[in-house]
Amino acid sequence: MNKEEHFLRNRFLELANNAYSRNIYTNTDFLNLNEQNILHQMKQEFPSVHITLTGGNDFAERKIAIFSPPEIYYELSVPIVMLEIAPINSQFAEKLTHRDYLGAILNLGIQRSKIGDLMLFENKTILFCMEDIASYIQEQLFRIRHTQVQIRQILDDFQQFRPALVEKRGTISNVRLDSLIALAFGTSRSSIITFIQSGKVFVNGKLITSNGYTPKEKDIISVRGKGRFQFGSVLGQTKKGRNLVSIYLYQ
């Protein structure tokens, strides 16, 4: 265990214990997949608290962990803010990438843990960030590369925004993790086994090392080096008994 993981584990324990002993909500900043997996591994070490993971949107990969005690009498306000970043003059705007947006934000001196997912659309980008950093971003971010931008906070339902997803359908013999990944990325099941066994596959932030694992509908599956997708549903069966499934690939 390295120093970073040791610090993270202690931080999780501190937040869980504070939630339990003080009867309050506590939360982390945004966690990456490895950090979420460490949290999953530690659940038996925590006192009797409930843990919720949310990225502000059902399609988010980066998520905060919220610790809540068994009995609490006030409603939680999730400390995530949604910002819309758009060019002031879209006619002359550059074609900006995820790296461009993220780089510009981090160059403001903001820690990566304060920033959640970025969803890129044709004329705007949706950013999920921690509440305590939202105003600073609005006040300080004026330009990304050579494009002047304007930022506003969106107070509507976070779920209205979806990342660019492409549906893909296919048939598989069994609804297993290796079969779904092979379908998603157009490769063989045997080639996927190495990815799974070497710790490169996460389901909803939890490391999965069994190729026979059965994902549930709406699970988000991330494969390092390949991408991520959401398991849609089993649509039916063919005459030969194979399962017709839908998946949604992140672009």
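Residues take their numbers from the sequence shown, with the count starting at 1.
Asn17 places a side-chain heavy atom less than 4.5 Å from the side chain of Pro47. In this structure, Tyr213 and Ile196 have side chains that are not in contact, with every pair of non-hydrogen atoms separated by 4.5 Å or more. The side-chain heavy atoms of Tyr20 and Phe46, taken from C-beta on, include no pair separated by under 4.5 Å. Side-chain contact between Gln36 and Lys206 is absent, with no heavy atoms from C-beta onward closer than 4.5 Å. At least one side-chain heavy atom of Ile51 sits less than 4.5 Å from a side-chain heavy atom of Lys43. Here the side chains of Phe195 and Ile181 are not in contact, with every heavy-atom distance at 4.5 Å or above.
By the rule that hydrophobic residues join a cluster once side-chain heavy atoms approach within less than 4.5 Å of another member, Leu207 and Ile193 end up as members of separate clusters. By the rule that hydrophobic residues join a cluster once side-chain heavy atoms approach within less than 4.5 Å of another member, Leu235 and Val175 end up as members of separate clusters. Residues Ile66 and Met130 are members of one and the same hydrophobic cluster, defined by side-chain heavy-atom contacts under 4.5 angstrom among Ile, Leu, Val, Met, Phe, Trp and Tyr. Connection of Ile247 to Val234 is established within a shared hydrophobic cluster, with ILVMFWY side chains joined at heavy-atom distances below 4.5 Å, either directly or through further cluster members. Linking Ile, Leu, Val, Met, Phe, Trp and Tyr residues whenever their side-chain heavy atoms come within less than 4.5 Å leaves Val223 and Ile220 in two separate clusters.
The heavy-atom pair separating Pro69 from Asn23 by the smallest distance is CG-OD1, 3.2 Å. Smallest separation of non-hydrogen atoms from Arg189 and Ser173: NH1-OG, 4.1 Å. Listed here is the closest heavy atom pair of Val49 and Ala19: CG1-CB, 4.3 Å. Gly55 approaches Ala60 most closely through the heavy-atom pair CA-CB, 3.7 Å. Here the closest non-hydrogen pair linking Ala104 and Arg143 is CB-O, 4.4 Å. Across all non-hydrogen atoms, the minimal contact from Arg224 to Gly199 is NH1-O, 4.5 Å.
A side-chain donor-acceptor contact under 3.5 Å links Tyr136 to the backbone of Leu108. Looking at Lys168, its side chain does come within 3.5 Å of a backbone N or O of Leu183 through a donor-acceptor pair. With hydrogens and angles disregarded, a donor-acceptor distance shorter than 3.5 Å links the side chain of Arg112 to the backbone of Ile115. Side-chain atoms of Asn243 never come within 3.5 Å of backbone atoms of Val245 as a donor-acceptor pair (strictly under, hydrogens ignored). The backbone N or O of Tyr250 sits nowhere less than 3.5 Å from a side-chain atom of Arg228 that would complete a donor-acceptor pair. Side chain of Glu35 to main chain of Asn32: a donor-acceptor pair is present (N/O by atom type, distance under 3.5 Å, no hydrogens or angles). Between the side chain of Asp117 and the main chain of Glu61, a donor-acceptor pair closer than 3.5 Å is present. With hydrogens and angles ignored, the 3.5 Å screen pairs no side-chain donor or acceptor of Asn37 with any backbone N or O of Leu33. Thr28 places no side-chain N or O within donor-acceptor distance of the main-chain N or O of Ile64, the cut-off being under 3.5 Å. Proximity of a side-chain donor or acceptor of Thr147 to a complementary backbone N or O of Ala93 within less than 3.5 Å is not detected.
Here OH of Tyr101 is found 4.5 Å from CG of Leu96. Values are rounded to the nearest 0.5 Å. Separation of atoms OG1 (Thr125) and CG (Leu102) is listed at 11.5 Å; rounding is to 0.5 Å. Between Thr26 atom OG1 and Leu76 atom CG the span is 10.0 Å, to the nearest 0.5 Å. Taking CG of Leu8 as the reference point, atom CG of Leu31 lies at 7.0 Å (rounded to 0.5 Å). Taken from CG in Asp178 to OG in Ser191, the straight-line distance is 10.0 Å, to the nearest 0.5 Å. Asn107 CG to Ile110 CD1: the interatomic distance, rounded to the nearest 0.5 Å, is 10.0 Å.
Counting non-hydrogen atoms of other residues, nucleotides and ligands closer than 6.0 Å to NZ of Lys226 gives a total above 12. In this structure, Glu217 places its CD atom where more than 12 heavy-atom neighbours from other residues, nucleotides or ligands lie under 6.0 Å away.
Under the side chain to side chain donor-acceptor pair (under 3.5 Å) criterion, His146 pairs with no residue at all, not counting sequence neighbours.
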>> Run Leu127 and Ile137 through side chain to side chain contact (heavy atoms under 4.5 Å, CB included) and show every step you take.
In response: CA-CA 10 Å; Leu127 166 68; Ile137 294 174; 4.0 Å; yes
>> Between Phe229 and Leu180, is the side chain to side chain contact (heavy atoms under 4.5 Å, CB included) condition met? List the steps.
In response: CA-CA 10 Å; Phe229 64 95; Leu180 287 171; 4.2 Å; yes
> Step by step, would you call His40 with Leu53 a side chain to side chain contact (heavy atoms under 4.5 Å, CB included)?
Replying inline: CA-CA 10 Å; His40 286 299; Leu53 287 168; 3.8 Å; yes
>> Would Lys114 and Cys129 count as a side chain to side chain contact (heavy atoms under 4.5 Å, CB included) here? Give the steps.
In response: CA-CA 6 Å; Lys114 294 291 184 180; Cys129 67; 6.0 Å; no
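Considering Tyr248, Phe59, Phe121 as possible partners of Pro163, the one that fulfils the side chain to side chain contact (heavy atoms under 4.5 Å, CB included) test is Phe59.
Between Tyr74 and Tyr25, the ring planes are perpendicular. Angles over 60° get that label, and only those under 30° would be called parallel.
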Determine all donor-acceptor pairs shorter than 3.5 Å in which one atom belongs to a side chain in residues 77-91; sequence neighbours excluded.
{"unit_1": "Glu84", "atom_1": "OE1", "unit_2": "Arg152", "atom_2": "NH2", "d": "3.3"}
{"unit_1": "Glu84", "atom_1": "OE2", "unit_2": "Arg152", "atom_2": "NE", "d": "3.1"}
{"unit_1": "Asn89", "atom_1": "OD1", "unit_2": "Gln91", "atom_2": "N", "d": "3.1"}

